[in-house]
Amino acid sequence: MLRYIMAVAVSAATVLPSASFAEREATNSAKRELVARSELPGQSFRDYLNLFKPRKVVEPVQISYSNDWLDKQPKATGDENWKCLAEALYFEARGESVRGQFAVAEVILNRVESGRFPNSLCGVIRQGTGKKYQCQFTYTCDGHKEVIHEKKAYERVAKVARAAIDGVAKELTEGATHYHTKAVRPSWSRVYKETARIGVHIFYRHNYRTASN
């Protein structure tokens with residue numbers, strides 16, 4: 001019986017590796033893995049280092065409120081809302097200074113963000129359209145067809161619309177949501193806060209400011 005037990009013990013020792021052998025194999029495997037990682041191709045290593053390079057700072061657009069600046073900008077393009085804003089600027093402010101055109105565009109954008117008006121540029125501009133002289137922007141409900149005759153003027157206001165949507169211009173009207181020409185004085189102008197006078201327009205906002213204006 002003793003001889004049988006000894007034979008089994010010897011056989012087990014032959015088949016099963018010792019703990020020290022297993023530890024040595026694990027250590028060697030780890031060393032091989034480290035070596036493999038250190039043998040990365042040079043290009044891959046450079047790509048890895050590039051991850052830590054500082055990102056290039058995007059230079060802010062230097063805007064000048066002049067026709068000369070507008071004429072140097074690329075032809076403007078955009079979606080339906082951009083078209084609505086460009087059209088509104090053409091009929092509402094094409095005779096204004098460039099600064100005045102940006103100010104009118106800002107009012108329309110402020111309305112979109114205010115929560116008191118429709119939540120799109122086209123919605124704001126067309127609000128009330130269909131009821132003669134009861135719309136927000138008179139040209140949309142004065143009974144006359146909107147026809148663009150001055151191509152150069154439209155190209156410029158289209159660029160203003162693009163820049164305004166892209167947030168290029170700084171704030172000019174302190175959150176204004178209303179404006180009128182100096183030739184008139186609507187009743188609401190006596191209760192709203194005047195914020196700016198630019199060109200032939202006077203700008204106003206409600207007596208409180210919302211989170212967005």
Side-chain angles (χ1 to χ4, degrees), residues 58-114 117-186 194-205 213:
V58 178
E59 292 293 330
V61 176
Q62 295 297 318
I63 184 171
S64 172
Y65 297 105
S66 67
N67 285 329
D68 183 60
W69 181 83
L70 285 176
D71 292 341
K72 292 177 181 178
Q73 304 311 303
K75 182 178 179 180
T77 59
D79 59 10
E80 188 65 22
N81 281 297
W82 163 77
K83 292 179 182 177
C84 285
L85 183 56
E87 180 184 272
L89 293 178
Y90 177 83
F91 289 107
E92 288 281 309
R94 71 179 181 276
E96 263 284 11
S97 65
V98 175
R99 182 183 292 272
Q101 292 168 1
F102 270 99
V104 170
E106 185 178 306
V107 166
I108 298 172
L109 288 165
N110 286 342
R111 286 192 173 197
V112 173
E113 297 176 358
S114 74
F117 300 91
N119 61 0
S120 71
L121 290 169
C122 289
V124 163
I125 292 164
R126 295 170 181 168
Q127 187 177 13
T129 300
K131 301 177 182 179
K132 194 167 184 178
Y133 298 120
Q134 296 183 40
C135 54
Q136 295 293 312
F137 295 89
T138 305
Y139 81 91
T140 68
C141 65
D142 60 4
H144 299 294
K145 186 177 181 180
E146 290 82 52
V147 180
I148 295 173
H149 295 291
E150 301 174 38
K151 183 178 178 181
K152 185 65 175 180
Y154 178 78
E155 289 176 352
R156 284 174 172 167
V157 296
K159 292 178 181 180
V160 172
R162 180 74 271 163
I165 292 172
D166 293 342
V168 170
K170 64 181 181 180
E171 186 177 22
L172 298 172
T173 69
E174 296 184 33
T177 52
H178 294 73
Y179 67 89
H180 64 76
T181 68
K182 294 177 181 178
V184 300
R185 193 183 181 193
E194 181 180 326
T195 62
R197 293 190 177 214
I198 302 174
V200 300
H201 289 122
I202 305 175
F203 297 85
Y204 301 81
R205 69 166 183 262
N213 69 13

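Judged as a ring-ring contact (aromatic ring centres under 6.0 Å, His included), and not counting sequence neighbours, the contacts of Phe91 are Tyr139. Qualifying side chain to side chain donor-acceptor pair (under 3.5 Å) partners for Ser66, counting only residues two or more places apart in sequence or in other chains: Ser64. For Arg94, the salt bridge (charged side-chain N to carboxylate O under 4.0 Å, His left out) partners two or more places apart in sequence, or in a different chain, are Glu150. When the side-chain contact (heavy atoms from CB on, under 4.5 Å) test is applied to Lys182, the partners found at least two apart in sequence or on another chain are Ile202. Scanning for ring-ring contact (aromatic ring centres under 6.0 Å, His included) contacts around Tyr204 gives His180, Trp188, with sequence neighbours left out. With sequence neighbours excluded, the residues that form a salt bridge (charged side-chain N to carboxylate O under 4.0 Å, His left out) with Glu194 are Arg197. In terms of the ring-ring contact (aromatic ring centres under 6.0 Å, His included) criterion, Tyr90 has no residue partners (sequence neighbours excluded). Take Asp166 and apply the salt bridge (charged side-chain N to carboxylate O under 4.0 Å, His left out) test, not counting sequence neighbours, and it matches Arg162. Gln101 pairs by the side chain to side chain donor-acceptor pair (under 3.5 Å) definition with nothing, not counting sequence neighbours. Contacts of Thr181 classified as side-chain contact (heavy atoms from CB on, under 4.5 Å), with partners at least two apart in sequence or in another chain: Ala183, Val184, His201. Partners of Ala105 under the side-chain contact (heavy atoms from CB on, under 4.5 Å) rule, at least two apart in sequence or in another chain, are Leu85, Leu89, Ala164.
Residues Val98 and Trp69 fail the side-chain proximity criterion, which asks for heavy atoms closer than 4.5 Å. Contact of the Leu121 side chain with the Ile165 side chain is registered, since non-hydrogen atoms from C-beta on lie closer than 4.5 Å. For the pair Tyr65/Leu172, a side-chain contact is recorded, criterion being any heavy-atom separation below 4.5 Å from C-beta on.
In this structure, Asn110 contributes its side chain and Ala176 its backbone to a donor-acceptor pair below 3.5 Å. For Arg205 (side chain) and Thr195 (main-chain N/O), no donor-acceptor pair under 3.5 Å exists by modelled atom type.
Residues Asn81 and Cys122 share a closest heavy-atom pair of OD1-N, 3.0 Å.
The list of salt bridge (charged side-chain N to carboxylate O under 4.0 Å, His left out) pairs with a residue in residues 62-89, not counting sequence neighbours, reads Asp68-Lys72, Asp71-Lys152, Asp71-Arg156, Glu80-Arg126.
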request  = Might you work through the side chain to side chain donor-acceptor pair (under 3.5 Å) test for Arg111 and Gln136, ending with a clear yes or no?
outcome  = CA-CA 11 Å; Arg111 286 192 173 197; Gln136 295 293 312; 2.7 Å; yes

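Under the 30°/60° scheme for interplanar angles, the aromatic rings of Tyr179 and Phe137 are found to be tilted.
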